[in-house]
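Just so you know, ligand 1 is whichever comes first in the structure, and atom 1 is the first atom listed for that ligand.
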Amino acid sequence: MSAPRPAVLVTGASGGIGADLARIFARHGHDLVLVARSAEKLKALADEIESTGRSRPLVVPCDLTAVGAVDALAARLEAEGVVVEILVNNAGYGLLGDVADLDPVAQMGIIDLNIRALVALCLRFLPELRARRGKILNVASVVAFFPGPGMAIYYASKAFTLSFGQALGQELRGFGVGVTTLCPGVTLTGFQARAGFTSDIAIMRFGAATSASVAASGYAGLIAGRRTVIPGFSNKLLCRIVPLLPRAILLPMIASMQKRKTGKT
Ligand SMILES: NC(=O)c1ccc[n+]([C@@H]2O[C@H](COP(=O)([O-])OP(=O)(O)OC[C@H]3O[C@@H](n4cnc5c(N)ncnc54)[C@H](OP(=O)(O)O)[C@@H]3O)[C@@H](O)[C@H]2O)c1
């Protein structure tokens, strides 16, 4: 029997930040497992990476919110002789709108993907990550630092990601497993369309980062063993100052900012 092949598992690798993270890991010589629902986009990325002379990533199309998806993914990796040395929990989405107005099933899907699948992947791959003194990169957001009326479940899901990642990282310190939480600000990807943003607000035109630059910050922070990575000076400032505002000011301010993204104000 041949030795297991260590690889970096990237969820949400079919576009945006996840695809750019995959490209960076490939450039640094890592073998990859690419996961998302869009099989064609994953195959195109695998072709692109292979064409640069790197080994072809293993493509595993799957809906991580489906019952049994994480077990099926783990079984596939076992069958392929792949062990996870770095787990990148990047897949996620949000929805713009008030809780009472949005489709309940779609809202529960945010919890299923951003929280449930992320935790299930950590739990499932923890034994091999510990055995190999591996790493976990969880993608949260700057919105993890404050509540978000108008995108309430999304903001809360990212607060969970940040809190869980920091606590897990502390627990795993003695085992040599690093846990880094990446907290990007506005980044132009497929995220805005899926969330239902219909209005082009100024921050998106002038303050947005590229997925490539966010991925580069995440990779560098992970390799440096950093607990939390907030790309960009203005985002770092935002995460320090906004949580200090009295809730009576902060909550209506965020609610009105979300309304502007709908184009209704
Ligand atoms: N863009 C921003 O402004 C921003 C800011 C802060 C944090 N983030 C976070 O960054 C992460 C990456 O998002 P992005 O901005 O790169 O958005 P994106 O372009 O929409 O990418 C999301 C990725 O998640 C995958 N995905 C969605 N639902 C899935 C499911 N049920 N099962 C498996 N994969 C699924 C998508 O692929 P398929 O559709 O093919 O499944 C896609 O690859 C997310 O966690 C997001 O919350 C984004």
Side-chain angles (χ1 to χ4, degrees), residues 9-24 32-46 57 59-70 72-73 88-96 105-118 120-121 137-146 148 151 153-162 164-165 181-197 200-201 203-205 207-215 217-218 228-232 234-235 238-239 257-258 261:
L9 168 58
V10 182
T11 72
S14 64
I17 297 167
D20 279 314
L21 279 165
R23 290 183 179 101
I24 293 177
L32 284 158
V33 179
L34 307 178
V35 175
R37 294 167 305 172
S38 310
E40 287 313 312
K41 289 184 188 169
L42 293 180
K43 280 184 198 143
L45 180 59
V59 165
V60 187
C62 84
D63 181 345
L64 286 168
T65 64
V67 176
V70 170
L73 171 60
V88 181
N89 280 307
N90 162 77
Y93 76 100
L95 291 172
L96 182 62
V105 174
Q107 292 189 86
M108 291 307 292
I110 298 174
I111 291 174
D112 288 342
L113 184 62
N114 300 13
I115 298 179
R116 201 166 203 290
L118 178 145
L121 286 161
L137 178 64
N138 289 330
V139 181
S141 168
V142 292
V143 308
F145 291 84
F146 36 86
M151 280 189 94
I153 293 176
Y154 177 68
Y155 277 49
S157 75
K158 294 304 182 179
F160 176 93
T161 304
L162 178 63
F164 174 67
T181 307
L182 173 62
C183 298
V186 178
T187 311
L188 291 182
T189 63
F191 177 85
Q192 287 77 21
R194 186 163 188 201
F197 291 14
D200 180 22
I201 62 170
I203 177 87
M204 294 189 196
R205 273 173 285 143
T210 63
S211 53
S213 71
V214 168
S217 300
T228 312
V229 176
I230 304 170
S234 55
N235 288 324
L238 182 93
C239 293
M257 188 188 79
Q258 307 294 17
K261 292 180 193 164

Novice: Below 3.5 Å, N or O to N or O, backbone or side chain included: is there any such pair between Y93 and ligand 1?
Specialist: no
Novice: Are K158 and N114 packed together at the side-chain level, in the sense that at least one heavy-atom pair is separated by less than 4.5 angstrom?
Specialist: yes
Novice: Less than 4.5 Å apart, side chain to side chain, heavy atoms only: is that true for L182 and P231?
Specialist: yes
Novice: Tell me the protein heavy atom at minimum distance from atom 2 (C) of ligand 1, and give that distance in Å.
Specialist: T187 O, 3.4 Å
Novice: Of the side chain and backbone of A140, name the one, both, or neither that has a heavy atom under 4.0 Å from an atom of ligand 1.
Specialist: backbone
Novice: Can you see which heavy atom on A215 is nearest to which on I24, and at what distance?
Specialist: C-CD1, 3.5 Å
Novice: Identify the protein heavy atom lying closest to atom 40 (O) of ligand 1, giving its residue, its atom name and the separation to 0.1 Å.
Specialist: S38 OG, 2.4 Å
Novice: Measure A13 to ligand 1 on non-hydrogen atoms and call it side chain, backbone, both or neither using the 4.0 Å cut-off.
Specialist: backbone
Novice: Any nitrogen or oxygen of G12, side chain or backbone, less than 3.5 Å from one on ligand 1?
Specialist: yes
Novice: Looking only at non-hydrogen atoms, find the nearest pair between L95 and A106 and report the distance.
Specialist: CD1-CB, 3.6 Å
Novice: Tell me which protein heavy atom sits closest to atom 15 (O) of ligand 1, plus the residue, atom name and distance to 0.1 Å.
Specialist: T189 OG1, 2.6 Å
Novice: To which protein heavy atom is atom 8 (N) of ligand 1 closest, and what is the distance rounded to 0.1 Å?
Specialist: Y154 OH, 3.7 Å
Novice: Which heavy atom of G12 sits nearest to which heavy atom of N90, and what is that distance?
Specialist: O-ND2, 3.0 Å
Novice: Kindly indicate whether the side chain of L45, heavy atoms from C-beta on, has any atom under 4.5 Å from the side chain of S14.
Specialist: no
Novice: Pick one of side chain, backbone, both or neither for how C62 approaches ligand 1, counting any non-hydrogen atom pair under 4.0 Å.
Specialist: backbone
Novice: Quickly, which of Y93, F191, F160 forms a ring-ring contact (aromatic ring centres under 6.0 Å, His included) with Y154? Name it, please.
Specialist: F191
Novice: Minimum distance, heavy atoms only, to atom 13 (O) of ligand 1: which one of C183, G190, G92 is it?
Specialist: G92
Novice: State the atoms of ligand 1, each with its element, that fall below the 4.0 Å cut-off from a heavy-atom position in D63.
Specialist: 30 (C), 31 (N), 32 (N)
Novice: Atom CG of D112 and atom CG of L118: how far apart are they, to the nearest 0.5 Å?
Specialist: 12.5 Å
Novice: State the atoms of ligand 1, each with its element, that fall below the 4.0 Å cut-off from a heavy-atom position in P184.
Specialist: 5 (C), 6 (C), 7 (C)
Novice: At a 4.0 Å cut-off, with the gap strictly under it, does some heavy atom of V139 reach an atom of ligand 1?
Specialist: yes
Novice: Looking only at protein heavy atoms, which one is nearest to atom 12 (C) of ligand 1, and what is the separation?
Specialist: N90 OD1, 3.1 Å
Novice: Contact between T161 and V139 at the side-chain level, heavy atoms closer than 4.5 Å - yes or no?
Specialist: no
Novice: Work out which heavy atom in L162 is nearest to a heavy atom in C183; give both atom names and the distance.
Specialist: CD1-SG, 4.1 Å
Novice: Do V186 and Q192 make a side-chain contact, defined as non-hydrogen atoms from C-beta onward lying under 4.5 Å apart?
Specialist: yes
Novice: Of the side chain and backbone of R194, name the one, both, or neither that has a heavy atom under 4.0 Å from an atom of ligand 1.
Specialist: side chain
Novice: Counting only nitrogen or oxygen atoms and a 3.5 angstrom limit, does I17 reach ligand 1?
Specialist: yes
Novice: For D20 and S211, which I'm curious about, is there any donor-acceptor pair between the side chains at under 3.5 Å?
Specialist: yes
Novice: At a 4.0 Å threshold, what atoms of ligand 1 neighbour a non-hydrogen atom of F191?
Specialist: 1 (N), 15 (O), 17 (O), 18 (P), 19 (O), 20 (O), 47 (O)
Novice: Looking at every non-hydrogen atom in both residues, tell me the closest pair between A46 and L34 and how far apart they are.
Specialist: N-CD1, 4.1 Å
Novice: For atom 36 (C) of ligand 1, what's the nearest protein heavy-atom neighbour? Residue, atom name and distance, please.
Specialist: S14 OG, 3.7 Å
Novice: Taking all atoms of both residues into account, what is the closest heavy-atom pair of F146 and Y155, and its distance?
Specialist: O-CD2, 3.3 Å
Novice: Number the atoms of ligand 1 from 1 as they appear, then name those within less than 4.0 Å of a heavy atom of G16, with their elements.
Specialist: 16 (O), 19 (O)
Novice: Which heavy atom of the protein is the closest neighbour of atom 34 (N) of ligand 1, given with residue, atom name and distance?
Specialist: A36 CA, 3.7 Å
Novice: For V186, counting its heavy atoms only, list the atoms of ligand 1 lying under 4.0 Å from any of them.
Specialist: 3 (O)
Novice: Short list, please: which atoms of ligand 1 are under 4.0 Å from a heavy atom of G15?
Specialist: 43 (O)
Novice: In terms of residue, atom name and distance, what is the protein heavy atom nearest to atom 32 (N) of ligand 1?
Specialist: L64 N, 3.0 Å
